[in-house]
Amino acid sequence: MLFLYKKLDALSEGDPAFKAALYDMYSEIDSALNEGKFDAVDKTIADLDVSSMKSVTLIGFLTATLPARYFLPSRSELFQRIAEDFKRRAATDPKYNDPTLLSGLA
């Protein structure tokens, strides 16, 4: 379930296929949620290795799952793991110091 994020994470943001892959990831998550597959989405987000993923993919997961956050028990933990990982990344990349990066996604 939800393997499209791996395709997205493998692409460079400058790659012409990047926007299409991002759209596909959002669509796949949205379809799964609309079909009531909350357990499958929850398992996927619980199993994400946030330290190895691009920030745009992680923010994409938070954005796509925000409307269903009350049906996804692992989502709040995912948010915390991402926030902690972004703090770690800030040591080498100042863009992660931006306090608005995860604003509104909790």
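- Atoms CD1 and CD1, on Ile45 and Ile82 in that order, are 9.0 Å from each other to the nearest 0.5 Å.
- Side chains of Asp47 and Lys43 form a contact here, defined as non-hydrogen atoms less than 4.5 Å apart.
- Counting only distance, with no hydrogens or angles, the side chain of Ser52 and the backbone of Asp49 share a donor-acceptor pair below 3.5 Å.
- Around CG of Asp39, the count of heavy atoms belonging to other residues, nucleotides or ligands within 6.0 Å does not exceed 12.
- When all heavy atoms are compared, the tightest approach of Arg75 to Thr65 is NE-OG1, 2.8 Å.
- Contact annotation: the side chain of Ser12 never approaches that of Phe18 to less than 4.5 Å [non-hydrogen atoms, C-beta and beyond].
- For the atom pair CG (Asp30) and CG (Asn34), the distance works out to 4.5 Å, reported to the nearest 0.5 Å.
- Partners of Tyr23 under the side chain to side chain donor-acceptor pair (under 3.5 Å) rule, at least two apart in sequence or in another chain, do not exist in this structure.
- In this structure, CG in Leu105 is found 13.5 Å from CZ in Phe61, a value given to the nearest 0.5 Å.
- Side-chain contact check for Arg69 versus Ser76: every heavy-atom pair is 4.5 Å or farther apart.
- Residues Ser51 and Arg88 form a side-chain contact, since some pair of their non-hydrogen atoms from C-beta on lies under 4.5 Å apart.
- Under the 4.5 Å side-chain criterion, counting only non-hydrogen atoms from C-beta, Leu58 is in contact with Phe86.
- In this structure, CG on Leu78 lies 10.0 Å from CD on Gln80, to the nearest 0.5 angstrom.
- If you take CG on Leu62 and CG on Leu102, they are separated by 6.5 Å, rounding to the nearest 0.5 Å.
- Atom OG1 of Thr57 and atom CD of Glu13 lie 8.0 Å apart (nearest 0.5 Å).
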